[in-house]
Protein chains: 2
Amino acid sequence: MSIKERKERDRQEMQKNILEVASKMFLEEGYDKTSIRNIAEKIEYSSGTIYQYFKDKDDIFLTIHRQAFDKLFAEFIQLNDIEDCVEKLYRLGYIYIKFALDNPQLYDLMFIMHAPMNALKDDLWDCGHSSFDFLYDLVNECIEKKRIKMHDTQATTMLIWGFVHGLVSLHIRNRYKMIDPERVEPTIFQALDEMMEAIKSPLTPEGGTKIQI
Amino acid sequence: MSIKERKERDRQEMQKNILEVASKMFLEEGYDKTSIRNIAEKIEYSSGTIYQYFKDKDDIFLTIHRQAFDKLFAEFIQLNDIEDCVEKLYRLGYIYIKFALDNPQLYDLMFIMHAPMNALKDDLWDCGHSSFDFLYDLVNECIEKKRIKMHDTQATTMLIWGFVHGLVSLHIRNRYKMIDPERVEPTIFQALDEMMEAIKSPLTPEGGTKIQI
DNA sequence: TGGATAATTAAACAGTGTTCAATATTTTTG
DNA sequence: CAAAAATATTGAACACTGTTTAATTATCCA
């Protein structure tokens with residue numbers, strides 16, 4: 001039986017290898033400019049071999065896509081020991097933005113890139129859902145406890161996600177050309193602060209929980 | 001001199017023709033899936049001819065890009081007869097979102113697409129600047145009159161732009177898979193309402209200017 | 001060692017952006 | 001009007017792309 005096990009190991013090894021190389025190339029050069037031939041060349045196999053391990057180019061993309069979501073969600077879960085929901089919301093925004101700024105190409109691949117919509121359709125549901133639910137539940141808690149001024153959970157979830165996504169994606173796609181490059185990232189975090197200040201309820205039931213940065 | 005004039009007319013005619021066809025194809029199929037050969041075929045010329053009128057594929061893209069910004073800015077200017085700055089801000093957000101939802105592919109091309117970053121760099125400055133200034137000045141007015149709760153104009157401009165951009169771009173790039181498709185667009189507008197309610201100052205100097213939708 | 005099985009390859013197909021020598025058209029000049 | 005100069009257009013060529021497939025090579029089991 002050990003031959004079969006070794007074969008399976010070899011197979012996974014190869015798959016991991018392809019993913020690592022492809023990932024690096026996707027993030028460095030973008031989806032379109034990364035060719036199967038280039039990936040094959042880098043792993044020192046012919047291009048046809050790739051198709052033994054992945055259905056097509058999209059399949060490679062989707063695998064990386066899924067892994068990236070796991071990585072982000074793992075950061076979210078760490079927030080669970082914060083009990084104050086508004087601070088948790090702030091920290092969530094902070095982590096989201098930080099993740100995007102630290103991994104711009106990965107973020108691009110997750111939320112902006114527009115590569116394989118054919119297959120992405122089901123995949124995104126699985127991937128984004130746990131993160132979306134995490135935000136949704138948190139927003140719901142904030143609204144129920146009247147800690148933020150909003151009323152509708154769905155709209156507010158969208159509002160907050162849209163807000164942080166907008167901030168970082170305009171940056172990633174280089175649309176802040178009218179702002180001093182040095183000031184862009186600080187201003188993004190400043191915008192998050194202003195936002196949080198604006199949306200939280202003025203009435204603080206348990207004696208004013210000020211958000212610490 | 002009329003021969004030269006006619007030649008110039010013909011040239012512009014041809015250029016317009018190419019732009020119209022290319023624009024339609026970019027918006028329908030995307031930048032990458034639109035080929036010079038296809039454009040040439042549609043205007044019934046050979047592919048080489050295109051290069052007589054445009055430097056390269058990016059040059060065509062950038063021309064359309066510029067025109068799209070003019071179109072959006074034209075819609076902004078119409079807001080100038082609204083005197084209440086907070087309502088003007090709301091209307092600006094509304095128009096921005098409406099523009100994006102009505103022209104998703106055009107919006108994509110303007111703010112999301114990631115085609116010719118080499119040449120886009122200077123172009124974007126010209127294009128986006130007038131619209132950005134429009135928003136910046138408006139936000140500044142709202143802050144100075146203490147009609148919204150924010151303090152820093154730059155951060156707030158970014159906040160608002162990021163907010164509306166995030167809302168629509170997640171939609172355009174199909175990342176709202178976890179929300180009932182029928183409800184997405186209404187919820188986007190609902191999010192805008194919640195946002196405006198949240199950021200405007202509670203103190204209304206001249207007797208409560210309620211925003212009319 | 002031989003036969004089966006699986007992995008790998010190279011060539012082929014139809015497509016891409018772009019360039020350029022050759023051809024066709026139009027304008028200017030004699 | 002005809003020849004020459006200028007301009008416009010073409011189509012083939014180049015170096016790429018993703019993907020398929022027949023042929024080859026390597027590995028495993030009896």
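Everything quoted here is computed from the prediction, not taken from an experiment. Per chain, numbering begins at 1; letters A, B, ... match sequence-line order.
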Identify all side-chain donor-acceptor contacts of residues 43-51 of chain B below 3.5 Å with residues at least two apart in sequence or on another chain.
none

Return a table of donor-acceptor pairs under 3.5 angstrom between the side chains of residues 181-190 of chain B and protein atoms on other chains or two or more places apart.
residue   : atom : partner   : partner atom : Å
Glu185(B) : OE2  : His171(B) : NE2          : 3.2
Thr187(B) : OG1  : Arg183(B) : O            : 2.4

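Partners of Lys98(A) according to the salt bridge (charged side-chain N to carboxylate O under 4.0 Å, His left out) rule, which considers only residues two or more places apart in sequence or in another chain, are Asp102(A). Partners of Asp10(A) according to the salt bridge (charged side-chain N to carboxylate O under 4.0 Å, His left out) rule, which considers only residues two or more places apart in sequence or in another chain, are Arg6(A). Scanning for ring-ring contact (aromatic ring centres under 6.0 Å, His included) contacts around Phe76(B) gives Phe134(B), with sequence neighbours left out. Residues passing the ring-ring contact (aromatic ring centres under 6.0 Å, His included) test with Phe163(B): none are found, sequence neighbours excluded.
Straight-line distance from the CD1 atom of Ile50(B) to the C1' atom of dT10(D): 13 Å, rounded to whole Å. Straight-line distance from the CD atom of Glu13(B) to the P atom of dA8(D): 15 Å, rounded to whole Å. Atom P of nucleotide dT16(C) and atom CD1 of Ile39(B) are separated by 11 Å, given to the nearest angstrom. Computed from coordinates, the Met25(B) CE to dG15(C) P distance equals 13 Å when rounded to whole Å. Atom CG of Asn17(A) is separated from atom P of dT8(C) by 12 Å (rounded to the nearest Å). When the P atom of dA8(D) is taken as reference, atom CG of Asp10(B) falls 10 Å away, rounded to whole Å. Nucleotide dT10(D) holds its C1' atom 12 Å from the CE atom of Met14(B), rounded to whole Å. In this structure, Asp59(B) places its CG atom 12 Å from P of dT19(C), rounding to the nearest Å.
Note on Tyr53(B): a side-chain N or O is less than 4.0 Å away from OP1 or OP2 of dT9(D).
Judged purely by atom type and a 3.5 angstrom limit, Thr34(A) uses its side chain to pair as donor or acceptor with the backbone of Met25(A).
Contact check for Leu106(A) versus Lys71(A): side-chain heavy atoms found under the 4.5 Å cut-off.
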In 5'-to-3' order, the base (B), backbone-only (S) or no-contact (-) status of each nucleotide in nucleotides 11-22 of chain D, using a 4.0 angstrom heavy-atom cut-off, is B-B---BBBB--
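Sorted by first then second residue, the side-chain hydrogen bond (donor to acceptor under 3.5 Å, both in side chains) pairs that include residues 73-83 of chain A, not counting sequence neighbours, are Asn80(A)-Lys88(A).
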For nucleotides 24-26 of chain C, give me every protein contact, N/O to N/O, under 3.5 Å, one pair per line with atom names.
none

